[in-house]
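First comes the structure, then the notes that go with it.
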Amino acid sequence: MLKQHLQFKLSQKLSPQQIQLMKLIQLPTQAFEQRLKQELEENPALESGKEESDNFEDEFADPYENEEGEGETINTEDINIDDYLSDDEIPEYRTKANNYSADDEEKNVPYAAGISFNQYLLNQLNTVYLSDEEWNIAEFLVGSVDESGYIRRPLSDILDDLAFTQNIYTDEETIEKVLKIVQKLDPPGVAARSLEECLIIQLKRKEASPTIELAISILEKSFEQFTKKHFKKLLQRHDITEEQLKGAISEIEKLNPKPGGSYSGNNRMIEHVVPDFSIRIVDGELELSLNGRNAPELHVSKEYSNMLKGYKDAKTKSKSQKDTILFIKQKLDAAKWFIDAIRQRQQTLFITMNAIMNYQKEYFLTGDERNLRPMILKDIADEIDMDVSTVSRVANSKYVDTPYGTKLIKEYFSESMKNDQGEDVSTKEIKKILETVIGEESKKKPLTDDKLAAILKEKGYPIARRTVAKYREQLDIPVARLRKQI
C-alpha cells in the first residue's frame, strides 16, 4: 500500500559568491594581495589601476543574473549588451574618505637568503680529513640532524639504516667516533643526542675555568637535580658555595638549547605582520583606518566592453560570435562580482573593527590591559547585526596597529568573571594582575598556586587554585619550583 505525505523542510544554503566572500574576509592583507593577483591573472576582464573615464555610473549593476543549472544553454539574444557597456568601473568605495589609510607604499616580504642548514654543515665537513667510509657516515649523520640541531635517533637505528639504505656495514663504535667529529662543527652543540649533551658540548668549547668545569660537572652528574632546581642538593653533592653555584648556573643559562634555530640560512620566509587596521589617538579621540592595501583600484576591461560593442553592431551573428559573447559575459559577471565582493569585504572589516574599538574605547585610550572589558564574539556580532562566524573570521586573522604595539584582534576578546563586588571583569584583567604579582615575588621563595589564589582573593578576585594554574599556564609561566632562583 502506497502512502503519500508532504514534508516541509526549511534549509539555508550559501551561494558560491557568499562562500567566496567569507573566504575573502578571512584573508589577512598579504594573503588578500596574493588572491587579488590570482584573480587578475585568471580573469582578463578584470584590470587594476585607475580608469581613464570620469563618468561615474552604476558600476555594480548586474541586470543579467543566470541562476539556472550550469548545464543550461544561455540564449545570447536575451543578453542586454548595454548593461555591460558602462563607461566606468571604478568602485565607489575608492572615492569615499575615511575608509582607507594613506599608507599605500609597497612593502615587500623579505626572504632569508643562503644555503640550507644541512648544506652549511656539509660545507664545513669538506674541510675535515676523513676516509671514504667516515665521509659517508658523516654525511648520513648530517642528514639526520633536525631543525633544532639534534640527532634524535639511537645509533643502533642509524647503524641499520646505513646497512639497508647506503650499503655501508660498520659498527656503533665507528659511528660514535665520526659523530664526535660532526659535533665539532658550528654552531656549537649541533648533532647532540640530548639537551644534556648539547649543553656540555657548548661548555667544552668555551675557555676552561673553574666555573666552566663546575657547570660541566653539574650537567654530567646532577642534570636531573639541575632541571628541577633542587639547589640544596646541588650545594651538598658538589660541596660548593651559593656564589659558586650562581656562577655555574649563569654560564649554563647563556647556552643555546636549540643550536639549529640560530642558523638563519635555512631558506625559510621571514614572516612580517602587516597590520590590517590602524588606530590613532587624535585630540583625545580614537581614529580608525583600514590599510589602503585592502582597497585596490579595479575596473572592468574596456577592451572587453569594446568587443561587446562590436558584437552589438554586427548585422549577422555567427555561432562562433555567440560562443564568444557567452565567454565575455561570464568573465564580465565574474569581474563585477569580484569588485563588489572587495567592497563588501572592506565594509565588513571596517564596521567590525570600529565596533571592537568603541567597545574597548577605554583600553585603546589608555593602553592599560586592566581596562579591557569582557568581550565575546557574540557581543560584537549583536552590535553590528552580523553573524558570529563573520566576526570570528575578522578577529582570528587580522592585526591592528595601535599606539601600544601591533596586536592580533582576537587577543582583545575574553570571558568575564565576577569580582567580590559582583561586577563583571575580564579574565585578561585577572591575568594581568596575576602576572604582576608573580613578577614582584621573591625568586628565592616563589608563590605557589594556592598562595597566588589567596592574594587574588584579597585583591577582590575570588578564583579557585585550579583556575590560577590555568591562567598561569596560558601566560607561559612555570610552576613555583621552576621559578626558583638562588
Side-chain angles (χ1 to χ4, degrees), residues 14-49 59-60 89-94 96 99-111 268-279 288-300 331 333-357 377 380-381 384-402 405-413:
L14 291 175
S15 68
Q17 287 84 357
Q18 289 173 312
I19 294 171
Q20 288 298 319
L21 176 59
M22 290 298 100
K23 289 181 179 179
L24 281 176
I25 289 173
Q26 190 166 343
L27 294 176
T29 299
Q30 289 180 351
F32 170 69
E33 289 178 325
Q34 291 298 317
R35 175 68 181 87
L36 178 65
K37 182 181 177 183
Q38 178 188 347
E39 190 69 21
L40 285 167
E41 289 174 351
E42 293 178 356
N43 190 350
L46 184 67
E47 293 182 349
S48 62
E59 305 92 355
F60 299 116
E89 293 297 343
I90 298 176
E92 179 186 12
Y93 60 90
R94 284 300 296 191
K96 292 184 179 178
N99 67 347
Y100 57 90
S101 71
D103 182 22
D104 287 336
E105 73 273 12
E106 284 294 321
K107 295 180 181 177
N108 296 321
V109 182
Y111 287 81
R268 287 187 174 182
M269 187 173 75
I270 301 173
E271 292 184 7
H272 284 251
V273 171
V274 176
D276 303 271
F277 307 92
S278 177
I279 293 178
L288 174 67
S289 59
L290 181 64
N291 191 324
R293 292 162 64 171
N294 287 284
E297 293 175 336
L298 299 174
H299 58 270
V300 172
K331 294 301 180 183
D333 282 343
K336 289 191 174 187
W337 173 83
F338 193 74
I339 292 171
D340 189 45
I342 289 177
R343 175 182 61 81
Q344 292 181 54
R345 175 185 185 271
Q346 187 185 13
Q347 288 179 347
T348 301
L349 296 186
F350 193 83
I351 290 170
T352 304
M353 188 62 223
N354 192 59
I356 293 171
M357 181 183 73
L377 295 173
I380 301 302
I384 60 179
D385 195 25
M386 287 187 183
D387 195 83
V388 171
S389 64
T390 302
V391 178
S392 175
R393 284 181 171 87
V394 175
N396 288 336
S397 59
K398 305 292 183 298
Y399 287 84
V400 58
D401 180 29
T402 74
T406 299
K407 302 286 184 68
L408 186 62
I409 294 170
K410 74 173 182 180
E411 293 180 9
Y412 298 123
F413 288 83

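If you read the sequence from its start, that first residue is 1, and numbering goes on from there.
- A 6.0 Å sphere centred on NZ of Lys407 holds more than 12 heavy atoms belonging to other residues, nucleotides or ligands.
- Annotation: the span from Ser397 atom OG to Leu349 atom CG amounts to 8.0 Å, rounded to 0.5 Å.
- Considering only residues two or more places apart in sequence or on other chains, Thr390 meets the side-chain hydrogen bond (donor to acceptor under 3.5 Å, both in side chains) condition with none of them.
- With rounding to the nearest 0.5 angstrom, the NZ atom of Lys37 is 5.5 Å from the CD atom of Glu41.
- In this view, Gln38 and Arg35, Glu42 satisfy the side-chain contact (heavy atoms from CB on, under 4.5 Å) rule, not counting sequence neighbours.
- Taking the ring-ring contact (aromatic ring centres under 6.0 Å, His included) definition, one finds that Tyr412 meets it with Tyr363, Phe364, sequence neighbours left out.
- Formation of a donor-acceptor pair under 3.5 Å by the Lys398 side chain with backbone atoms of Pro275 is not found in this model.
- Once rounded to the nearest 0.5 Å, the distance linking CG of Leu36 with CG of Leu24 reads 9.5 Å.
- Nearest approach of Val400 to Ser278, heavy atoms of both residues: CG2-N, 4.4 Å.
- Thr352 places a side-chain N or O within 3.5 Å of a backbone atom of Thr348 that can act as its donor or acceptor partner.
- For the atom pair OG1 (Thr29) and CD (Glu33), the distance works out to 6.5 Å, reported to the nearest 0.5 Å.
- Closest approach of Tyr399 and Thr406 over heavy atoms only: CB-CG2, 4.0 Å.
- Put simply, CE on Met353 and CD1 on Ile279 are 4.0 Å apart, with the number rounded to the nearest 0.5 Å.
- Between Ile384 and Ala355, the shortest heavy-atom contact is CG2-CB, 3.5 Å.
- Applying the side-chain hydrogen bond (donor to acceptor under 3.5 Å, both in side chains) criterion to Glu411, with sequence neighbours excluded, gives no partner residue.
- Of all heavy-atom pairs spanning Phe350 and Ser289, the tightest one is CE1-CA, 4.4 Å.
- Residues meeting the side-chain contact (heavy atoms from CB on, under 4.5 Å) test with Ala31, sequence neighbours left out: Leu27, Pro28.
- Across every non-hydrogen atom of Val274 and Asn291, the tightest pair is CG1-ND2, 3.5 Å.
- Residues meeting the side-chain contact (heavy atoms from CB on, under 4.5 Å) test with Ser389, sequence neighbours left out: Asp387, Arg393.
- Shown here are the side-chain contact (heavy atoms from CB on, under 4.5 Å) partners of Asn354, two or more places apart in sequence or in another chain: Leu288, Met357, Asn358.
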